[in-house]
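Structure first, then comments.
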Amino acid sequence: MKIQHIAIIFIIIILPISMTVSAYIDSQIETIQLQAEYNAKLTDATYDAVKAFQINTVNNRYSSVSDSKIRDVEASVNTFYTSLASNEDMIKEELRAYVPALVFTLYDGYYIYSKYDNVYPQNTGEPILDEEELKKDEHTEYGLKPYIYYSCRYAKGNKDFVVNYTLDNAITLYGDFGDGDGYKTLSGYLINSDAVEIKSYENQLPQNWLINYNADGAQVEIGPEILTEHLLFVDKEEDGSYKQGEYTYLVYNGQKIYYDKDRAIQKPTETKYFRYQNYTKTYLTNSYANKDLIEYLRQRTGESFSLESGDVTYFNADGNLHSTSSIEYYAKAKQFTEKVRELTRGITQENAVDEEGNPVDFEAVLENAGYVNTGDDEIFYADNQNDPLLVGSTFNENRRMVIRKSIKTNLATAIANYNMYSGKNYEFTFPELLEVDWEKITSKISVTAFLQGFSIGHKVYNNYCVITNNNNEETIDEEGIYMITENTVTKEREYHLPGCTYLAKPEIETNLKIVESYSNLSFLRQTVRIAEGDYTYFYPQTRNKNGSLVNITSCYHCIVNASNVYMANEIIKGRTDENNQITREDFPEFNIRSGGAKNERMKSIREIYLRALARERYDLYRANIDAFNDE
């Protein structure tokens with residue numbers, strides 16, 4: 001056979017194969033590109049949804065109220081679809097068909113946004129309409145399903161009760177605890193009560209209150225503190241600038257109350273306490289309705305006041321309002337924890353049961369999930385070995401397992417049911433979430449979005465995205481406390497992550513003096529609405545130094561070394577973890593039970609941190625905390 005014939009045969013055989021392979025490769029490349037594009041779109045839309053929730057809660061001073069919270073979540077849902085549709089040819093209504101569920105994990109429970117039937121069942125429990133009829137659009141709608149609490153039932157002997165968990169160490173318990181008193185409810189923060197030593201409280205003047213927190217041999221003193229914020233008002237000065245100033249404050253029933261020093265001097269017979277409402281000062285009135293509040297405030301400015309007589313007795317008034325929230329947090333948490341100890345004695349992971357009384361199977365949660373099987377360790381007996389503030393404690397391991405199992409069960413059901421209403425020839429399924437994503441969901445406020453059913457070349461798109469947020473009015477994360485420092489030479493102010501390695505260096509090396517500590521919300525820009533389309537802004541931690549405003553900036557080292565910080569667990573314990581193998585020069589080990597400037601600095605950081613964490617958690621509005629504990 002001539003070589004020309006061989007060449008012709010080669011071309012006839014190979015060329016089509018080459019063209020087919022080339023077309024296939026191009027198609028696969030296009031599929032990968034489309035998948036990357038949709039991944040980016042899903043991430044951006046989920047991030048926008050979280051950001052919308054953050055903005056709404058931070059600027060909505062009633063965001064903790066149920067109806068207001070629902071509006072914030074629904075606004076976040078609209079933002080998600082608007083963002084997702086902005087880069088697509090489809091409108092929101094068309095896109096919704098490919099989103100089987102959105103999950104909003106909040107402080108004490110979660111919402112699932114999905115499609116569901118809006119037909120009431122018959123008294124027999126059977127649906128009024130058959131399955132085919134239910135699929136019609138007039139019988140279904142998109143919306144938030146009922147709020148689901150992070151709850152678990154426990155039963156042992158004559159004990160049978162339910163515990164509602166949260167994203168931190170607050171719990172609510174209700175049921176029969178087998179003590180002969182029948183059904184009861186109690187709520188509060190679970191802490192290591194053995195560590196709390198009450199030196200003076202309640203029957204003393206608030207300015208003299210003192211608590212020692214002595215966890216694992218490292219003592220911290222908790223006393224009253226002065227909190228300060230910078231406020232901007234819509235009222236104007238004579239030069240046309242907006243009025244502003246610095247005011248000490250405290251939080252009462254979830255609302256900030258400020259103290260006006262100037263008014264105390266200029267109008268001593270009138271109240272000098274105000275709320276910051278509609279960007280103006282709304283002063284409290286000396287009415288009988290405000291009797292308890294006025295007395296609470298006057299005691300914390302070093303005064304005692306009688307509304308009936310109008311008599312004022314001055315003790316140690318220094319012109320400031322003193323917050324006692326951190327003291328009240330530890331004192332009330334100690335009382336609550338000791339009561340829970342007795343009521344729940346002997347309750348372990350093995351006593352968890354479902355609504356039918358059958359044991360809860362946590363094995364699916366434990367398997368390859370990084371959780372610890374706590375076995376017969378008591379869940380609610382908090383002490384040095386089971387400190388609810390620490391990650392890895394028996395309490396926290398069980399809390400995370402309960403949250404994960406609840407979300408996984410209800411979300412899988414919601415997505416499975418969505419197939420009935422979707423109208424798509426595609427089977428929507430609940431994907432396996434990565435462990436890193438479950439860690440986010442069980443510990444932080446988050447939005448989880450599922451996008452499925454899009455045709456992308458030779459594949460059908462199926463993915464999810466989890467975005468968390470710490471800047472909201474829902475919860476105070478252990479990592480959400482920032483430290484403020486002032487340079488003793490330049491007087492510049494910065495805020496740091498509590499585990500910042502540069503902050504951890506002795507003051508003599510950095511000239512950084514730690515002056516205050518607040519939640520991360522205090523460092524967000526606040527918006528003041530002057531008129532429609534006219535806004536101005538301010539930062540609550542701005543300070544007036546010698547007539548000029550000094551803005552606070554973020555620490556450079558925290559920004560560039562955000563991953564190289566001491567963890568909250570290490571700060572709470574006062575030492576680096578035993579398994580911490582980091583030996584870099586800028587990341588040394590520490591143990592505050594030892595001497596040396598480094599350990600003294602970390603001891604100071606720990607004291608300020610524990611005080612701030614307690615105060616910020618106590619000051620968040622909790623409708624049921626301490627509401628049932630007076631029996």
Side-chain angles (χ1 to χ4, degrees), residues 54-63 225-252 254-268 270-285 297 300-301 317-323 325 471 473 482-487 490-495 513 515-555 612 615-616 619:
Q54 170 194 321
I55 293 171
N56 287 332
T57 57
V58 170
N59 288 284
N60 178 6
R61 293 179 180 263
Y62 301 96
S63 62
E225 53 186 339
I226 299 175
L227 311 176
T228 307
E229 274 192 356
H230 183 88
L231 299 178
L232 184 70
F233 306 96
V234 292
D235 307 318
K236 290 188 175 182
E237 303 281 6
E238 292 182 359
D239 61 2
S241 61
Y242 294 107
K243 292 183 178 180
Q244 52 190 310
E246 295 168 28
Y247 302 89
T248 57
Y249 73 92
L250 57 74
V251 178
Y252 184 86
Q255 291 195 359
K256 289 181 178 178
I257 310 292
Y258 298 87
Y259 181 74
D260 192 336
K261 286 184 179 181
D262 294 336
R263 185 179 173 92
I265 297 173
Q266 297 167 1
K267 299 180 179 180
E270 299 183 20
T271 58
K272 49 268 191 185
Y273 309 105
F274 68 91
R275 292 188 176 95
Y276 183 60
Q277 295 178 328
N278 297 322
Y279 320 116
T280 61
K281 297 177 183 177
T282 302
Y283 288 96
L284 303 180
T285 59
L297 296 170
R300 283 154 182 79
T301 49
D318 60 0
N320 293 306
L321 197 54
H322 296 77
S323 170
S325 292
N471 298 326
E473 293 283 358
Y482 290 169
M483 301 281 183
I484 300 177
T485 61
E486 183 174 277
N487 191 298
T490 65
K491 304 303 180 184
E492 293 178 344
R493 290 163 57 88
E494 291 181 329
Y495 63 91
K513 178 182 179 181
V515 292
E516 296 170 281
S517 184
Y518 298 93
S519 80
N520 49 11
L521 297 180
S522 294
F523 303 89
L524 298 178
R525 189 179 72 170
Q526 302 292 304
T527 302
V528 177
R529 182 178 180 274
I530 307 300
E532 188 66 34
D534 185 9
Y535 300 91
T536 188
Y537 309 93
F538 72 96
Y539 290 88
Q541 291 307 317
T542 299
R543 289 293 179 267
N544 191 322
K545 295 289 185 181
N546 300 322
S548 61
L549 295 179
V550 178
N551 292 325
I552 190 167
T553 57
S554 59
C555 168
R615 174 231 308 153
E616 297 293 346
D619 284 347

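Predicted model only: the values in this text are computed from it and were never measured. The first residue of the sequence shown is numbered 1, and numbering continues consecutively from there.
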Completion exercise
Between Ser323 and Leu227 the two heavy atoms that sit nearest each other are CB-CD1, 3.7 Å
Problem - Min side-chain heavy-atom separation Tyr518-Gln541 under 4.5 Å - result: yes
Problem - pair Leu297-Tyr252: side-chain heavy atoms closer than 4.5 Å - result: no
Practice task
Measure the shortest side-chain to side-chain distance between Thr485 and Lys513 over non-hydrogen atoms and say whether it is less than 4.5 angstrom.
Solution key: no
Exercise for the section: Taking the side chain as every heavy atom from C-beta outward, state whether Arg493 and Val515 have any pair of such atoms under 4.5 Å apart. Expected result: yes
Problem - Validation row, ring centre Tyr273 to ring centre Tyr259 under 6.0 Å - result: yes
Practice task
Classify the angle between the aromatic ring planes of Tyr258 and Tyr276 as parallel (below 30°), tilted (30 to 60°) or perpendicular (above 60°).
Solution key: perpendicular
Exercise for the section: Give the C-alpha distance, both sets of side-chain angles, the deciding distance and a yes or no for side chain to side chain contact (heavy atoms under 4.5 Å, CB included) between Gln244 and Leu549. Expected result: CA-CA 10 Å; Gln244 52 190 310; Leu549 295 179; 3.4 Å; yes
Problem - Beyond-backbone contact of Arg543 with Lys491, side-chain heavy atoms, under 4.5 angstrom - result: no
Problem - Ring centers of Phe274, Tyr247 separated by less than 6.0 Å - result: yes
Practice task
Determine, step by step, whether Asn320 and Lys261 satisfy the side chain to side chain contact (heavy atoms under 4.5 Å, CB included) criterion, reporting the C-alpha distance in whole Å, the side-chain angles of both residues, the deciding distance to 0.1 Å, and the verdict.
Solution key: CA-CA 8 Å; Asn320 293 306; Lys261 286 184 179 181; 3.2 Å; yes
Problem - Spacing of OG1 belonging to Thr553 relative to CD belonging to Glu494, to within rounding of 0.5 Å - result: 4.5 Å
Problem - Tyr535 to Thr527 - nearest heavy-atom pair and separation - result: CD2-CG2, 3.7 Å
Handout entry: Nearest heavy-atom neighbours spanning Leu521 and Gln526
Key = O-NE2, 4.2 Å
Practice task
Could you tell me whether a side-chain N or O of Thr248 sits under 3.5 Å from a main-chain N or O of Ile226, the two making a donor and an acceptor?
Solution key: no
Exercise for the section: Ignoring hydrogens and angles, tell me if any N or O in the side chain of Ser517 forms a donor-acceptor pair with the backbone of Tyr482 under 3.5 Å. Expected result: yes
Handout entry: All salt bridge (Lys or Arg N to Asp or Glu O under 4.0 Å) counterparts of Glu246, not counting sequence neighbours
Key = none
Completion exercise
Note: Tyr242 and Val234 closest approach over all heavy atoms is CD2-O, 3.6 Å
Exercise for the section: Check the pair His322, Leu250 against side chain to side chain contact (heavy atoms under 4.5 Å, CB included), reporting the backbone distance first and the verdict last. Expected result: CA-CA 7 Å; His322 296 77; Leu250 57 74; over 6 Å; no
Problem - Side-chain ion pair, Lys256 and Glu229, N-O less than 4.0 Å - result: yes
Handout entry: Neighbour count >12 (heavy atoms, 6.0 Å) for atom CG, Asn278
Key = no
Exercise for the section: Can you measure from OG1 (Thr542) to CG (Asn551) and round to the nearest 0.5 angstrom? Expected result: 4.5 Å
Handout entry: Rounded distance (nearest 0.5 Å) linking atom CD of Glu225 with atom CD of Glu516
Key = 9.5 Å
Exercise for the section: Identify the heavy atoms of Ser325 and Asp619 that sit nearest to each other, and give their distance. Expected result: OG-OD1, 2.6 Å
Handout entry: Which atom of His230 lies closest to which atom of Tyr539, heavy atoms considered
Key = CB-O, 3.8 Å
